[in-house]
J.: 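Quick one: structure below, then a few questions.
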4 protein chains.
Amino acid sequence: MSIDGNDVTAAVQGARAELRARQIVDAAIALMQEKGSNAVSMQAIAKSAGVSVGLLYKYFSDKEQILLAAITRVLGAFRDRVPQAIEGIDDPVDRVTEAFAEFCRAVDDHRHAVVLTYRESRSLSREGLADIQGQELETLGPLVDAVRGAADAGDLRDVPPELFAYDLLVLAHTWALKHWYFHAQGLSVDQYVEQQVRTVVLGALTDAARSRVER
Amino acid sequence: MSIDGNDVTAAVQGARAELRARQIVDAAIALMQEKGSNAVSMQAIAKSAGVSVGLLYKYFSDKEQILLAAITRVLGAFRDRVPQAIEGIDDPVDRVTEAFAEFCRAVDDHRHAVVLTYRESRSLSREGLADIQGQELETLGPLVDAVRGAADAGDLRDVPPELFAYDLLVLAHTWALKHWYFHAQGLSVDQYVEQQVRTVVLGALTDAARSRVER
Amino acid sequence: MSIDGNDVTAAVQGARAELRARQIVDAAIALMQEKGSNAVSMQAIAKSAGVSVGLLYKYFSDKEQILLAAITRVLGAFRDRVPQAIEGIDDPVDRVTEAFAEFCRAVDDHRHAVVLTYRESRSLSREGLADIQGQELETLGPLVDAVRGAADAGDLRDVPPELFAYDLLVLAHTWALKHWYFHAQGLSVDQYVEQQVRTVVLGALTDAARSRVER
Amino acid sequence: MSIDGNDVTAAVQGARAELRARQIVDAAIALMQEKGSNAVSMQAIAKSAGVSVGLLYKYFSDKEQILLAAITRVLGAFRDRVPQAIEGIDDPVDRVTEAFAEFCRAVDDHRHAVVLTYRESRSLSREGLADIQGQELETLGPLVDAVRGAADAGDLRDVPPELFAYDLLVLAHTWALKHWYFHAQGLSVDQYVEQQVRTVVLGALTDAARSRVER
DNA sequence: TATGAATGAGGGTTCATTCAT
DNA sequence: AATGAATGAACCCTCATTCAT
């Protein structure tokens, strides 16, 4: 039950490499948030990460790969949090509501990074763009599932489930994209969620489902 | 009541200047639409406008000013088109529906420019950003009015009118921002509008109003 | 019989552009000669030409285009000088001899540039390389013609004309490539030519032709 | 007559060092041959040699030293192969012919390395260059000897032996330098040798020697 | 008023070289 | 003896901006 020296070394190196990559992506995200995409030069990332420019290219083949990794990190959080948040919930409508709420809270935790997702798209290649679009669809998945559940339970009016789910996703993103507006109105995330639920989610329900939820 | 020579000259010059500025902004918008806002360099704008690079700086102090003017023009179209589109309509709900539809169509006409509004936001100066945000609020105005009208007529459930209007604005923008998604689904603008109306607008109505509209 | 203003302007600009291009290529050649290919950076060319880096890209799309232009200039001289040098000569063997001699003298006038042709090939793209190889074949043309003339006149032993011509070209280049060697031996171009004629050209002749020439 | 422990260690280390150095130079040559001398970076050499980058600097102070060692090895092969190839041959003309033929075949075995000798000349330091030139003269030696032998035997026309030998060397190099040309003509090394012998070697012979050889 | 040649800081990227382990 | 992560100067190229004409 022993590990030989090489394995240890390899493991340590692997961990260090992981760390470096994380460090670089963190620096990139930080820079994007505070300085705005165009200031995110490789030199700036290197400086912010406390490494040399050359090292960036040891861990990422491209500037695009760093951007991609940054966006992936954020979207990954969305993909994971929403299913976890609604795991124990049974009521189909509550599942939709809570999925949306959690999505909004996740967005709130990465507000600048979400904005970045919209902003940085222009620096990406066709493939890179397709990649993050694919990932966005993955974050959409849990929402669609929840909405479909409500639809199957007969709780939804005649609305296209995919579009409705996408609307929820967009309105969650909106909390970040239009934060300047909601902030000016003195709205908190929870208030935002509450109002959007009242405005959009309740509207998609059948009268029966709505009166059940509003009870 | 006479105009002296200098005034005439000044007036002519003013008109010509106006023309030039328009020409430049048009070129910038055209470039954004067809090339995707990356390739919008000063030299490209000059070439597309059929003027010299130097002249750009006679009419605009900055590249930012051209971008700003371009965005202003697009947002201006939104501000103007929506009121015109609902001018003769009496039914409060129809006014909301048609305002949203027209907004979507206007977005469709300037898809890339809308995307640009989101993308370029951080490359703008603080003042430029505030300017655009102010203008966005102006485009929101007509929507808010329409929504308030419906609310006053008792056609709306208990939803916050500003938020609902803002949702409509965002979902109109979404047609541009997520065009890759809707395009992949084979959706046209009109279909998009129709589905969003069914999903979001109808949901905000009272049962009475909804059954009246759906009849 | 007048030239309108625009034409004059255009002509002047054209001339100036020509001048600039020449100036840049000159600087590039000068640099290559004295510093060795790897020191020929765009920055260095710009500095040596007394212009900015950016301007280089107004006249040449690429670094490769500058290199290509430099090599083309040198090879062009070879292509032109040899035919001129043998224009009035009738004797087929004399034509060969004189073509070779002139080629050697041309090489001598551009010694460093010839070396450069061999050296720089590594920086060129596939197309660029093919281009200068094509040009080299053009400089071979006059030699082949002269050799063929001698062959048709029955003055040549049974030697492949193309290969023989190519040998002459290579031995002319050799004056530049191995100048360090011949220089150490105290050889002048004329002596070099004379000895190579004796060694290689005379050897390719029939006995009759040789005794005729040696008379 | 004993060897103490330290001596043994030193000897072993010396042998291992030799091996390492050889391994590195081999890798460098292999890279030059297959990748064309551009991609010969230190990291590439290390990878190809199966050692770390750092180790390169334990055995060579410089990248130049590796290049130099590689070129030295190739030129060394030329120096050794030619004498071996003509060892048992008695006829003076055959010795010249066979020396040239073997030289060409040796060049063929190291085509890219020969090209490199020409290309890299200027990136070498003054001493490095002088070193290589000295080595080239050593490879010339056997050719000169063979040519002198033929001259002493009275088989040569009145041609300068050194120059003639140098021509043979250059024309052997030419097989590498102008391989693109001969390859396009569908020539093999053996055909190249045969034609060059007919064109250049036979031409340097007296009538008597030529008719003897051609018999 | 209008031009466009000219600038040069700054972008992304490579690679010979070093050094802690 | 050996590693390879780390460095950073230098590379090629772009583009917002200026200015002599």
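Chain naming here is simple, since letters A, B, ... match the order of the sequence lines and numbering starts at 1 in each.
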J.: Reading nucleotides 13-21 of chain E 5' to 3', which nucleotides get B (base under 4.0 Å from a protein heavy atom), which S (sugar-phosphate only), which -?
T.: BBBBBB---

J.: Report the residue (D/Tyr59 or A/Gly50) whose heavy-atom-nearest nucleotide on DNA chain F is the more 5′ of the two.
T.: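 Result: D/Tyr59.
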
J.: Could I get the full list of side-chain contact (heavy atoms from CB on, under 4.5 Å) partners for A/Ser52, not counting sequence neighbours?
T.: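 A/Ser52 satisfies side-chain contact (heavy atoms from CB on, under 4.5 Å) with A/Leu55 only.
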
J.: I'd like to check C/Ile66 versus C/Met42 (side-chain heavy atoms, cut-off strictly below 4.5 Å). Are they in contact?
T.: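 Yes, at least one pair of side-chain atoms sits under 4.5 Å.
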
J.: Donor-acceptor pair, A/Gln65 side chain versus A/Phe60 backbone, under 3.5 Å?
T.: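 Not a single qualifying donor-acceptor pair exists.
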
J.: Mind checking what makes side-chain hydrogen bond (donor to acceptor under 3.5 Å, both in side chains) contact with C/Asp131, not counting sequence neighbours?
T.: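 Listed in chain order: C/Gln135.
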
J.: Does F/dA6 have its OP1 or OP2 closer than 4.0 Å to a side-chain nitrogen or oxygen of A/Arg20?
T.: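 It does, given that an N or O in the side chain of A/Arg20 lies less than 4.0 Å from OP1 or OP2 of F/dA6.
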
J.: Stems involving DNA chain E: give each as a range paired with a range, ordered by first number, where a stem means at least three consecutive Watson-Crick or G-U wobble pairs under 3.5 Å.
T.: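 Stems for DNA chain E, defined as runs of 3 or more consecutive pairs: E:2-21 with F:2-21.
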
J.: Using atom CG of B/Leu19 as one end and atom P of E/dT1 as the other, report the distance to the nearest whole Å.
T.: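 Rounded to whole Å, this separation is 14 Å.
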
J.: Can you give each donor-acceptor pair under 3.5 Å made by side-chain atoms of residues 18-31 of chain B, sequence neighbours left out, with the distance rounded to 0.1 Å?
T.:
residue : atom : partner : partner atom : Å
B/Arg20 : NH1  : B/Gln23 : OE1          : 3.3
B/Gln23 : NE2  : B/Ala49 : O            : 2.9
B/Asp26 : OD1  : B/Arg73 : NH2          : 2.1

J.: Identify, with sequence neighbours excluded, every residue that meets side-chain contact (heavy atoms from CB on, under 4.5 Å) alongside D/Ser41.
T.: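 Scan of D/Ser41 (side-chain contact (heavy atoms from CB on, under 4.5 Å), adjacent residues dropped) gives D/Gln43, D/Ala44.
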
J.: Looking at F/dG4, I'd like to know if its phosphate oxygens (OP1 or OP2) sit under 4.0 Å from a side-chain N or O belonging to D/Ser52.
T.: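 False: D/Ser52 side-chain N/O out of range (4.0 Å or more) of F/dG4 OP1/OP2.
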
J.: When the distance from CD1 of B/Ile45 to C1' of F/dC15 is rounded to whole Å, what number comes out?
T.: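 Whole-Å distance recorded here is 12 Å.
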
J.: Roughly how far, to the nearest 0.5 Å, is the CD1 atom of D/Ile132 from the CG atom of D/Leu124?
T.: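 It is 4.5 Å, given to the nearest 0.5 Å.
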
J.: For B/Ser125, check side-chain contact (heavy atoms from CB on, under 4.5 Å) against everything at least two apart and list the hits.
T.: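 B/Ser125 satisfies side-chain contact (heavy atoms from CB on, under 4.5 Å) with B/Glu64, B/Glu127 once adjacent residues are dropped.
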
J.: Atom NZ of C/Lys47 and atom P of F/dA10: how far apart are they, to the nearest Å?
T.: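 From C/Lys47 NZ to F/dA10 P: 12 Å.
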
J.: Grab the CD1-P distance between C/Ile24 and F/dC13 for me, whole Å please.
T.: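 Atom CD1 in C/Ile24 sits about 13 Å away from atom P in F/dC13.
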
